[in-house]
Amino acid sequence: MEIEQTIIDHEETIRSSFFFGILLVMGLWEILAPRRKLTISKAVRWGNNLGIVFLNSFLLRLVFPAAALGVAIFVNENGWGLLNYYSVPDWLAIVVTIVALDFIVYLQHVLVHAVPALWRLHRMHHADLDFDVTTGSRFHPIEIFLSMLIKFSAIVVLGAPVIAVFIFEIVLNLTAMFNHANARLPIGLDRILRLFVVTPDMHRVHHSVEDDEANSNFGFNLPWWDRLFGTYRDQPRDGHEGMTIGIHKHREPKQVSWLPGMLMLPFIGKMSGYVINRRSWDNKDRQEEHKD
Ligand SMILES: [Zn+2]
Ligand SMILES: [Zn+2]
């Protein structure tokens with residue numbers, strides 16, 4: 001298909017144009033209508049959080065040069081996956097792929113909160129003392145690799161169309177940066193928007209230091225999974241201005257706001273393991289860190 005070839009030829013340019021475009025739009029929105037006061041200066045936050053973004057894209061290109069699109073091209077050339085097997089029409093295959101990949105991202109997010117070793121990687125995202133557009137791209141390189149492997153497997157099983165994978169990656173990038181923004185939205189607009197997409201007020205609840213709040217609103221793009229599986233929480237107890245963002249036990253700026261400390265976050269402290277009882281299977285490491 002002609003459009004697929006255009007995408008393949010200009011992937012990097014299209015992807016980075018969307019990234020810098022949304023960064024600019026949300027960055028301006030944060031200056032004009034901020035939701036909360038930042039605790040760490042914007043220069044330090046943007047310098048270090050964007051440093052992680054550049055490091056991650058460099059490492060990704062090194063380890064997986066063909067990336068998700070490469071996997072999708074290979075899978076479709078060989079007619080692999082459910083959507084190819086059942087010869088699903090193109091438009092339906094695109095919709096199914098986007099919704100299925102989003103559901104997998106939700107499940108993966110629940111998993112990285114529940115399993116202690118995975119929480120260690122994911123806590124770099126949560127240790128941010130503030131919540132702004134750059135938080136949306138702040139993930140530990142090992143978590144990024146893990147996400148890639150999960151995504152590759154999903155593409156193979158689905159037989160995901162190249163264009164659908166491309167749309168999904170761009171949309172997820174845009175929505176993740178939108179819903180992490182320190183941007184004020186009129187309450188009425190937020191209420192309508194969050195029926196279709198995760199809004200900043202919805203996802204901010206997930207970045208609370210409180211364990212029950214951090215254990216809600218796992219969605220990054222579509223808000224329906226949280227409502228469907230009972231992990232939805234409307235607002236934080238102390239309100240958006242009063243709530244504390246981050247993790248109780250990791251609040252030293254050198255550790256959580258500067259690149260070297262952030263990269264070391266998964267490897268500090270000892271593991272406390274699982275708590276298994278009849279009513280819950282939970283991550284004690286994470287619970288400990290969310291306690292006072
Ligand atoms: Zn999380
Ligand atoms: Zn987040």
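Both counts, for ligands and for their atoms, begin at 1 and track the order of listing. If you read the sequence from its start, that first residue is 1, and numbering goes on from there.
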With the Zn ion (ligand 2) at the apex, how many degrees lie between NE2 of His180 and NE2 of His125, rounded to 10 degrees?
90°
Please determine if [X] and [Y] form a salt bridge, counting it only when a charged side-chain N lies under 4.0 Å from a carboxylate O.
| X | Y | result |
| --- | --- | --- |
| Asp132 | Arg35 | no |
| Glu12 | Arg61 | yes |
| Asp212 | Arg233 | yes |

Output field for angle at the Zn ion (ligand 1), His206.NE2 vs His113.NE2, rounded to 10°, should show 90°
Confirm or rule out an N/O/S atom of His109, from backbone or side chain, lying less than 2.8 Å from the Zn ion (ligand 1).
yes
Calculate, to the nearest 0.5 Å, the distance between atoms CD1 and CD belonging to Ile150 and Gln108 respectively.
3.5 Å
Look at His207 and state whether any of its N, O or S atoms is less than 2.8 Å from the Zn ion (ligand 2).
yes
